[in-house]
2 protein chains.
Amino acid sequence: MESGAFCSLPQPPRPGAPVLRAHRMGIDTYQEAVLYLRRDSPVCQSEGFAAQSRIEVWRGEVRIIATLNVVEAPLLEEDQAGLSEAAWRALGVAENTPLALQHLSPIQSFSHVRQKLFGAALSDAQMQEVICDVAAGNYSDLEVACFVAAVAGQRASVEETTALTRAMVAVGRRLTWPSTPIVDKHCVGGLPGNRTTLIVTPILAACGLTIPKTSSRAITSPAGTADTMETLAPVALDIEQMRKVVEKEGGCVIWGGAVSLSPADDILIRVERPLGLDSDSQLVASVLSKKIAAGSTHVLIDIPLGPSAKVRSQRAADHLSHMLCSVGQALGLHMRTVISDGASPVGIGIGPALEAHDVLAVLQNAQHAPQDLRMRALTLAAHLLEMGGKAAPGAGLALARSCLESGQAWRKFVAICEAQGGMRTPPRAPFVATLHAQQRGRVRVVNNLELARLAKLAGAPQAPAAGLRFLTALGAQLEEGQPWLEIHAQTQGQLDYAMTYARTRQEFLTLEDCDV
Amino acid sequence: MESGAFCSLPQPPRPGAPVLRAHRMGIDTYQEAVLYLRRDSPVCQSEGFAAQSRIEVWRGEVRIIATLNVVEAPLLEEDQAGLSEAAWRALGVAENTPLALQHLSPIQSFSHVRQKLFGAALSDAQMQEVICDVAAGNYSDLEVACFVAAVAGQRASVEETTALTRAMVAVGRRLTWPSTPIVDKHCVGGLPGNRTTLIVTPILAACGLTIPKTSSRAITSPAGTADTMETLAPVALDIEQMRKVVEKEGGCVIWGGAVSLSPADDILIRVERPLGLDSDSQLVASVLSKKIAAGSTHVLIDIPLGPSAKVRSQRAADHLSHMLCSVGQALGLHMRTVISDGASPVGIGIGPALEAHDVLAVLQNAQHAPQDLRMRALTLAAHLLEMGGKAAPGAGLALARSCLESGQAWRKFVAICEAQGGMRTPPRAPFVATLHAQQRGRVRVVNNLELARLAKLAGAPQAPAAGLRFLTALGAQLEEGQPWLEIHAQTQGQLDYAMTYARTRQEFLTLEDCDV
């Protein structure tokens, strides 16, 4: 299928469309493109533009869609078109560049989203049209939110999820590699600190497999793998840089967004993030579209299962596993899933830099290295060594362990970091507070969700040094007054904010009496 | 139930929260409150505020929630808090008023919306919490869009819709009247030009019934009843003004938004409008919450059924009718529904002022008055005269007709307009273009949706004179070259825009050959 075959091409501005001079407003609206026009400008009058209108802004043949804010006289001249930072960057203009403006034509594909909300299924072709328009930036954030909601929960079938995945691959680039297998892994998340990728990747690469790993930044969690890796090495590599790293070292750990393997996904995530919303079908489409785009042939998915993990019941785990395998196989991948223990955080740190310190301890075979993180990584590496033909069935674990213990994996990790642009030391936060146990007892339940929320309130992942250090463990005994959690923050305001929240909540740990 | 009993109270700013000076930016972001801060201000640094953060802005005990845009040096001083027009109005501040800022606490009730998206039902208490937060402005537009999507289609049960309706009544004001019955009518829409309210209301009031009619502006259509009425008289009356009109004349036709009978609904509609999205459950909750808040006891709902009306199948009409009656009765209303012919537009005009001209013709018993509009209004008036005890079963139609033909209804309408602030003449658009039939044939199908879209592209309802005049009718014969549609617009740009659209679409009418 031709990439973009289903995308409707934008119609260039009609003859006589108004032309104004670009002006950089110096207003940062995050990723939203905003256009500012004077209320009394002839353009607002004659074109019927009003606040919140969706407007096409053209520089020659380059087009963006912006939301209109109407401004009063002193901020702009009548013939100026003010641009937010995002709009300025996207158009690539200079001060006074002429810009043509016109109303956005109705987005036909949004009627498919409406139909889906009202209960109809989306066909392959309809899904392609929607995703093309999403990737082209034709949808407003509100419209994207509706699409996200329309396929949330279990509302998208395997067929629709396959169509969504295929559509997301079609609007991005797709890498090819000289030989197969190309292996890859992914963890569906929800388990703070579960940063196995940074250990699995060097083990596999050291054992001769090819693993061009792209990772995401956090959606609803306090750290994504890309956020953690970024505290150790640059991750915003482009495709050519990524290819060089993989050709040299056999593996990489980079941020998927920078290589735009799934540009539609980046837009969906931008909306899902503030809503704290990600669903099975989008998770499957997001993960698998990137694996396929990266050229992977053998994919292992880790599904942590626990009362406050993302996946909370065996049934939900089975559903997700089934959907991953069905969609993956329909699109030609060799799939395997592992349902793992998701009862409590992995390692000690929660937050980009704090997790990176755990990873370093494991790779360096330090005595204080978190054993849970180490064992999870070895288990996943073992599966992939067997799937990729480097170890006989049952022999993967021994090979993975020897690779780690011999220092091979550590040396490979350093080499990958260097190839990605230079290894660096994860930062430490300037503001730290400690929580102490209010009573003694044994830790019976750990609420991952509440811990993740607290880490985010402390500033993770935007502040890479922010987060938590979890000083106890499931099953451990706490004495009254014993420190069990550190909160790390980059600013006093964020530390106060997180501490205020922590003091009003008793739900991080459930303790049970223990008679010793 | 205490109004607001389920609403979580906002926590005042913590001691030491930063205080800045208010500054009016002169930027109109429509209804979205936006806060502008300097990127290099100590507040952004110490509080960890970043673009798109949701921030509580306090003036004394008045609080709004605003979205942050980060600006560069020349636009603001370091100690200024810039406000968009909507934020400025909502806070009621003056230049340099001190404002306290803090991060928005997490909105607990949004977890209910997430659960609903993932398939769980919402309880009464959960629905109350959500609607309280919506009405308080605590949800971002994206979050509101998710809620709207979560209860779209047939995803909300009768119980949930009853809970939604009750919650919407609870967060608004509720009117009481000295005596009953209080009658009311509503049309679920989707039928361009179906402006019966402006005829039914004066008939009922002239016959001695009390009808405190509040109407909405258009959501997805080119004109709402309030938009049409506004071309004839002021409609933005407050509750005391409304009460005076009704006490004097027995009826009114005002805009519901101005009396805030359902403040939550106004916010939901603000998001539904750009998405072109309204669903059974929200429609029921929106309509009935306003009827209950207005103190109505007897409610008649007109459901036009046709291939391109809002309701397109007998099954859908039955579903909606059932939901309206179930929810209405659960909340103590006497309900009746009428499923009417929705095959083609009613009257000649489509758009606020153009529809008003049709209404005037009927009320004035003009010879050219559209007979379809007249008969529909008489039928509905007849039902309500019987429901309200002014006519015996079967005798309503004769009473309604005599009231209209005698001029009583017209005199009452003029009196109502005068009581609302003075009658006025609907405007005429300065730019008009005519479409001619490309071939001869009999009009077999009229696509209401496409006509409505075209009227909107021409500028309706924002430009009250904009819209269409539909010069033919279902079943009529067209000769080649015969004019069948006029497009009216307030600006040349909008006329061009609508004409461009009209030329690319052949789907307004379906003609069949006719051998005469």
Side-chain angles (χ1 to χ4, degrees), chain A residues 14 16 18 25-30 32 34 36 39 45-48 50-52 69-75 84 102-103 105-106 110 114 117-119 140-143 145-146 148-150 152-155 271 274-277 279 453 457 459 462-463 490-494 496-497 500-501, chain B residues 14 16 25-30 32 34 36 39 45-48 50-52 69-75 84 102-103 105-106 110 114 117-119 140-143 145-146 148-150 152-155 271 274-277 279 453 457 459 462-463 489-494 496-497 500-501:
Chain A
R14 66 167 207 281
M25 292 295 281
I27 298 181
D28 178 4
T29 54
Y30 190 49
E32 192 187 11
V34 177
Y36 301 85
R39 186 184 305 282
Q45 309 292 327
S46 70
E47 297 290 310
Q52 299 301 98
N69 282 191
V70 173
V71 307
E72 304 300 334
L75 289 176
S84 71
Q102 69 179 353
H103 276 285
S105 305
F110 192 71
R114 262 187 229 110
L117 276 175
F118 283 70
S140 68
D141 283 1
L142 280 186
E143 287 165 337
C146 269
V148 165
Q154 308 206 350
R155 286 167 174 179
V271 170
L275 295 171
L277 198 72
S279 67
R453 182 171 294 158
L457 295 180
Q462 282 77 16
Q490 194 63 42
T491 69
Q492 184 67 48
Q494 287 175 308
D496 291 349
Y497 188 53
T500 302
Y501 184 79
Chain B
R14 67 166 206 280
M25 292 295 282
I27 298 181
D28 178 3
T29 54
Y30 191 48
E32 193 188 11
V34 178
Y36 301 84
R39 184 184 306 283
Q45 308 292 327
S46 69
E47 297 291 309
Q52 300 300 101
N69 281 192
V70 173
V71 307
E72 304 300 334
L75 289 176
S84 71
Q102 69 179 355
H103 276 284
S105 305
F110 191 70
R114 262 187 230 111
L117 277 175
F118 283 70
S140 69
D141 282 1
L142 280 187
E143 287 164 337
C146 269
V148 166
Q154 309 206 346
R155 286 170 174 177
V271 170
L275 295 171
L277 199 71
S279 66
R453 181 171 295 157
L457 294 180
Q462 283 77 18
Q490 194 63 41
T491 69
Q492 186 67 48
Q494 288 176 307
D496 292 348
Y497 188 53
T500 302
Y501 185 79

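Chain A is the first sequence line, chain B the second, and so forth, proteins listed ahead of strands; every chain is numbered from 1.
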inquiry  = With a 4.5 angstrom heavy-atom cut-off, is it the side chain or the backbone of B:L75 that approaches chain A, or both, or neither?
reply    = side chain

remark   = Scanning both residues in full, the closest heavy-atom pair of A:I27 with A:Y36 reads CG2-OH, 3.4 Å

note = dist A:R114:CZ -> A:E143:CD (nearest 0.5 Å) comes out at 8.0 Å

note = If one checks every heavy atom of B:A150 against chain A at 4.5 Å, the contacting part turns out to be backbone

ask   = Do you know which two heavy atoms are closest between B:A145 and A:L142, and how far apart they sit?
value = CB-CD2, 3.7 Å

inquiry  = How long is the straight-line distance from CZ of B:R39 back to CG of B:N69, given to the nearest 0.5 Å?
reply    = 10.5 Å

request  = May I ask you to name which of A:Q102, A:E72, A:R453, A:Q462 has the most heavy-atom pairs under 4.5 Å with chain B?
outcome  = A:E72

task = Could you have a look at B:V71, B:L117, B:V34, B:D496 and say which one has the most heavy-atom pairs with chain A under 4.5 angstrom?
result = B:L117

Options A:P74, A:A149, A:S84, ranked by heavy-atom pairs under 4.5 Å with chain B, top entry = A:A149

